[in-house]
Chemist: 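Shown below is the structure under consideration.
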Amino acid sequence: MSDISVVCSNLSFAWPDDTPVFTGLSCTVGPGRTGLVAPNGAGKSTLLKLIAGELKPTAGSVTVTGTLGYLPQSLPLTTGLSVAEVLGVARVIAAIDAVESGDVDERHFTTIGDDWDIEERTRVQLDRLGLDDVSLDRTLGTLSGGQAVSLGLAAQLLRRPDVLLLDEPTNNLDLEARERLHDVLADWNGCLVVVSHDRTLLDRMDRILELERGELRLFGGNFTAYEEAVRAEQEVAEKNVRNAEQALKREKREAQQARERAERRMSNAAKGLKDAGLPRIFAGNMKRGAQEAAGRSGQVHAGRVGDAQSRLDEAGRALRDEQRLTLDLPDTRVPAGRTVFHGEHLRVRLGDRPLFAADGVDLSIRGPERIALTGPNGSGKSTLLRLVLGELLPESGEIRRADGRIAYLSQRLDLLDLDRTVAENFAAYAPHRTDAERMNLLARFLFRGAGAHLPARVLSGGERLRATLACVLCAEPAPQLLLLDEPTNNLDLVSAGQLESALASYQGAFVVVSHDERFLAEIGVGRRLRLSGGVLAEASAPGE
């Protein structure tokens with residue numbers, strides 16, 4: 001087991017149009033659980049595909065010691081396949097059935113090999129991942145997105161790989177499915193590499209592998225330990241930058257003072273020579289000597305200034321571009337006693353199926369409440385948000401909304417007009433603010449100068465989040481109730497931190513659907529509601 005490993009040696013990759021992803025990556029990952037983290041677009045999924053052999057490097061090599069299993073972020077599965085076919089056990093089970101029916105053809109025994117217990121092992125893996133009610137002959141198209149992810153993981157585990165690569169395995173999983181995944185991976189004793197933005201999962205890792213600025217760095221410990229190490233590094237880097245800035249200012253000041261002294265000396269010397277009545281040739285030699293001395297002094301100070309600038313540049317390179325949002329949103333304040341939404345006996349029907357229980361659901365939101373709405377996938381959480389928003393009308397029941405704007409932030413971040421710039425989108429939501437006010441507010445969302453005039457369609461995921469937050473939180477009128485549906489699903493760790501900063505500044509009420517417990521803790525959720533089996537009830541946080 002100790003010789004299981006993944007070794008990347010001077011690994012480089014570029015897309016067919018020669019756009020580089022990374023150059024000269026080297027690392028060795030051995031047994032244990034490794035979390036791979038990086039901003040969106042840095043190449044995490046690409047690196048996993050290179051290790052899995054789905055992509056070929058433009059330079060360097062990847063060596064995997066041991067059998068390999070790989071679960072990509074998007075499963076390339078045909079919906080008509082049976083569960084047994086997806087798991088790769090259909091042929092073996094069919095051969096066992098044939099033998100048990102009396103067919104002793106040698107090819108059946110060859111197919112079975114040592115896998116006489118395959119059906120039992122399959123059921124154990126399915127049960128561990130919450131798929132105990134899924135039959136082996138069921139088709140993939142009848143499963144939810146979360147069930148399909150769990151099924152893909154079960155297929156890899158049944159292969160008993162030595163090295164397992166997982167790309168965002170908790171995407172589309174509800175809280176219960178995530179907890180089952182955590183338990184399964186806790187028992188893993190091979191080499192595991194996980195790409196994830198799920199900080200709860202990353203906190204269960206043995207080490208963190210960071211892909212940052214085209215370089216790989218390995219940090220011992222879980223994600224919390226990694227954050228602490230990075231924070232300590234940044235404190236040192238910031239101190240070094242401050243010291244380098246002071247040194248540069250000092251060298252520039254001394255260089256200026258040296259120039260001024262030299263100019264005074266030359267001026268005084270010229271005057272003295274004139275008053276002394278010395279011959280012109282002698283006076284010229286004296287003047288040239290003074291100029292050369294001043295030139296040498298200037299070169300010395302210029303060199304010192306250049307060295308100080310180089311030290312500042314070097315110190316600056318150690319700083320990370322992970323700015324957090326610093327906001328003040330007083331217009332979103334909601335009085336503590338105010339009811340912003342009240343719904344009684346709300347019923348909704350999806351086709352012929354009632355989504356909620358016979359009595360419907362009741363929901364009241366008062367003051368600046370911070371509510372987490374949890375529950376299994378498919379239980380109707382997003383539908384309930386649409387009822388609160390007014391986008392969907394209930395079949396029956398009573399709804400009262402307070403005056404004031406209700407805003408909705410979906411995981412798709414599809415609020416922006418892609419044909420407009422950031423500033424133009426913002427102006428549409430805040431038309432009565434002056435241009436100066438809007439630019440000042442956009443700067444607080446880290447859109448400064450030319451960044452405010454970028455077209456929305458070219459924004460990165462993190463930039464799109466910040467632009468959307470600006471439009472939602474600074475709109476006229478400001479929202480007093482904010483609805484968020486799985487807001488962190490497609491965010492990298494930096495963007496998730498920026499969303500947390502924005503919500504910390506928000507003073508109204510919000511309801512957030514999320515399975516990310518770390519995120520819910522960071523944004524100060526004070527009330528939890530669980531929707532399950534058509535019933536909405538008060539709930540407690542996991543572990544309470």
Side-chain angles (χ1 to χ4, degrees), residues 1 4 33 48 52 64 66-194 201 204 376-378:
M1 184 68 68
I4 293 171
R33 293 173 290 271
L48 285 198
V64 177
T67 57
L68 178 71
Y70 170 52
L71 183 67
Q73 193 171 154
S74 299
L75 301 178
L77 300 176
T78 304
T79 56
L81 292 175
S82 70
V83 168
E85 288 172 322
V86 173
L87 294 173
V89 301
R91 291 180 63 250
V92 177
I93 291 176
I96 292 174
D97 289 343
V99 171
E100 291 177 346
S101 299
D103 186 348
V104 293
D105 192 303
E106 182 63 31
R107 60 189 174 88
H108 296 321
F109 292 93
T110 301
T111 299
I112 297 168
D114 295 328
D115 289 331
W116 289 95
D117 63 342
I118 189 64
E119 190 162 0
E120 179 182 344
R121 288 196 290 113
T122 299
R123 290 273 28 131
V124 167
Q125 289 293 356
L126 293 178
D127 291 352
R128 292 182 71 197
L129 292 167
L131 302 174
D132 47 298
D133 60 343
V134 175
S135 63
L136 295 179
D137 58 357
R138 188 168 166 181
T139 58
L140 184 63
T142 64
L143 303 182
S144 70
Q147 287 175 319
V149 171
S150 296
L151 184 64
L153 178 59
Q156 296 302 323
L157 295 175
L158 282 169
R159 296 179 56 210
R160 300 172 176 170
D162 300 311
V163 177
L164 180 59
L165 312 177
L166 303 179
D167 194 355
E168 297 289 1
T170 58
N171 276 7
N172 301 313
L173 298 187
D174 58 27
L175 182 58
E176 290 83 355
R178 289 184 182 213
E179 290 174 345
R180 285 190 291 266
L181 173 69
H182 296 164
D183 291 341
V184 169
L185 297 184
D187 296 335
W188 182 261
N189 56 9
C191 174
L192 174 70
V193 181
V194 179
L201 175 58
R204 293 170 177 261
N377 286 340

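All figures in this text were calculated on a predicted structure; none of them were measured in a lab. Note that the numbering runs from 1 along the sequence shown for the chain. Any value given below was found using the heavy atoms of this structure, including those in side chains, with hydrogens, waters and symmetry copies removed.
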Chemist: Supply the atom-to-atom distance Leu157 CG to Asp187 CG, rounded to the nearest 0.5 angstrom.
Modeler: 10.5 Å
Chemist: Just how far is it from atom CG of Leu173 to atom CZ of Arg180, taken to the nearest 0.5 Å?
Modeler: 9.0 Å
Chemist: Got a second to check how far Glu119's CD is from Leu136's CG, nearest 0.5 Å?
Modeler: 5.5 Å
Chemist: Using atom types as modelled and distance alone, determine if a side-chain donor or acceptor of Arg159 lies under 3.5 Å from a backbone N or O of Leu87.
Modeler: no
Chemist: What distance do Ile96 atom CD1 and Ile112 atom CD1 have between them, rounded to the nearest 0.5 Å?
Modeler: 5.0 Å
Chemist: Checking Asn171 against Val149 for the side chain to side chain contact (heavy atoms under 4.5 Å, CB included) test, could you report, in this order, the C-alpha distance in whole Å, the side-chain angles of both residues, the deciding distance, and whether it holds?
Modeler: CA-CA 8 Å; Asn171 276 7; Val149 171; 6.0 Å; no
Chemist: Side-chain contact test, heavy atoms from C-beta onward, threshold under 4.5 Å: evaluate it for Asp97 versus Asp103 and give yes or no.
Modeler: no
Chemist: Determine, step by step, whether Glu85 and Leu140 satisfy the side chain to side chain contact (heavy atoms under 4.5 Å, CB included) criterion, reporting the C-alpha distance in whole Å, the side-chain angles of both residues, the deciding distance to 0.1 Å, and the verdict.
Modeler: CA-CA 9 Å; Glu85 288 172 322; Leu140 184 63; over 6 Å; no
Chemist: Should we say atom CZ of Arg91 is surrounded by more than 12 heavy atoms from elsewhere, each under 6.0 Å from it?
Modeler: no
Chemist: Return the minimal non-hydrogen interatomic distance between Asp174 and Asn377, and the atom names on each side.
Modeler: OD2-N, 3.1 Å
Chemist: Between Gln147 and Val134, does the side chain to side chain contact (heavy atoms under 4.5 Å, CB included) criterion hold? Intermediate values first, please.
Modeler: CA-CA 9 Å; Gln147 287 175 319; Val134 175; 4.2 Å; yes
Chemist: Given 3.5 Å as the limit, does a donor-acceptor pair link the side chain of Asp162 with the main chain of Gly190, or not?
Modeler: no
Chemist: To check you understand the geometry: which heavy-atom pair defines the closest contact between Leu164 and Tyr70, and what is its length?
Modeler: CD1-N, 4.4 Å
Chemist: Would a distance-only check, ignoring hydrogens and angles, find a side-chain to backbone donor-acceptor pair under 3.5 Å from Arg33 to Leu192?
Modeler: no
Chemist: So do Leu68 and Pro161 actually touch side chain to side chain, heavy atoms under 4.5 Å?
Modeler: no
Chemist: When you compare the side chains of Asp137 and Ser82, does any donor N or O come within less than 3.5 Å of an acceptor on the partner?
Modeler: no
Chemist: Please report the interatomic distance CG(Leu153) to CD(Gln125), rounded to the nearest 0.5 Å.
Modeler: 8.0 Å
Chemist: Give a yes or no on whether the backbone of Gly80 and the side-chain of Thr139 come within a donor-acceptor separation of less than 3.5 Å.
Modeler: no
Chemist: Looking only at non-hydrogen atoms, find the nearest pair between Asp115 and Arg121 and report the distance.
Modeler: OD1-NH2, 3.0 Å
Chemist: Please report the closest heavy-atom contact between Asp183 and Arg128, naming both atoms and the distance.
Modeler: O-NH2, 4.2 Å
Chemist: Might you point out which heavy atoms bring Val92 and Thr111 nearest each other, and give the distance in Å?
Modeler: CG2-O, 3.8 Å
Chemist: Identify the heavy atoms of Trp188 and Cys191 that sit nearest to each other, and give their distance.
Modeler: NE1-N, 3.4 Å
Chemist: I'd like to check Arg178 versus Leu201 (side-chain heavy atoms, cut-off strictly below 4.5 Å). Are they in contact?
Modeler: no
Chemist: Between atom CG of Asp127 and atom OG1 of Thr122, what is the distance when rounded to the nearest 0.5 Å?
Modeler: 10.5 Å
